[in-house]
Amino acid sequence: MKEIISAMDRLPKLVKLLLALPFLDIVWAVYRLCRSIDKNSAVGILLAVATLFLCPTLLWIADVVTIAADDKVVWID
């Protein structure tokens, strides 16, 4: 899990922004799930699974804004 998380964190900002677009944002949903599993956060895992299966593009606007501003994806961890 740590390899996936660190690989995603090292991506260039432009690639991160492209992955935050609708229908590609599923990548960030998987990233959130990996982060929550890595930190053993039960609430984070439940929310990540919900965003992964129920509405994978729910957070794409927040992802675009936070990546553009801080170069990172917002999550509850």
Measure across [X] and [Y] and return the closest heavy-atom pair with its distance rounded to 0.1 Å.
| X | Y | result |
| --- | --- | --- |
| Ile5 | Cys34 | CD1-O, 3.8 Å |
| Leu17 | Val64 | CD2-O, 3.7 Å |
| Gly44 | Ile76 | CA-CD1, 3.5 Å |
| Arg32 | Ala48 | C-CB, 4.0 Å |

Do [X] and [Y] have side chains that approach each other closer than 4.5 Å (heavy atoms only, starting at C-beta)?
| X | Y | value |
| --- | --- | --- |
| Leu19 | Leu11 | yes |
| Met8 | Val27 | yes |
| Ile67 | Lys72 | no |
| Leu18 | Leu21 | yes |
| Val74 | Asp63 | no |

Are [Y] and [X] connected in a single hydrophobic cluster, I mean Ile/Leu/Val/Met/Phe/Trp/Tyr linked by side-chain heavy atoms less than 4.5 Å apart?
| X | Y | answer |
| --- | --- | --- |
| Leu54 | Trp60 | no |
| Leu52 | Ile37 | yes |
| Val15 | Leu24 | no |
| Ile26 | Val49 | yes |

Taking the basic N atoms (NZ, or NE/NH1/NH2) and the acidic carboxylate oxygens, is any pair closer than 4.0 Å for Lys2 and Asp38?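 So Lys2 pairs with Asp38 through a salt bridge.
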Residues forming a salt bridge (charged side-chain N to carboxylate O under 4.0 Å, His left out) with Asp25, sequence neighbours excluded: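 Salt bridge (charged side-chain N to carboxylate O under 4.0 Å, His left out) check on Asp25 returns nothing, list empty.
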To the nearest 0.5 Å, what is the distance between OG1 on Thr66 and CG on Asp71?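 The distance works out to 9.5 Å.
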Distance in Å, Leu33 CG paired with Leu47 CG, rounded so as to fall on 0.5 Å steps: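 One finds 11.0 Å between CG of Leu33 and CG of Leu47.
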Restricting to side chain to side chain donor-acceptor pair (under 3.5 Å), what partner residues turn up for Trp75, sequence neighbours left out?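 Only Ser36 meet the side chain to side chain donor-acceptor pair (under 3.5 Å) criterion with Trp75.
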May I ask you to decide if Asp9's main-chain N or O and Lys16's side chain share a donor-acceptor pair within less than 3.5 Å?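 Indeed, once roles are kept as given, a pair shorter than 3.5 Å links the two residues.
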Which pairs pass ring pair (Phe, Tyr, Trp, His ring centres under 6.0 Å) with one or both residues in residues 21-40, sequence neighbours excluded?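 Residue pairs with at least one partner in residues 21-40: Trp28-Tyr31.
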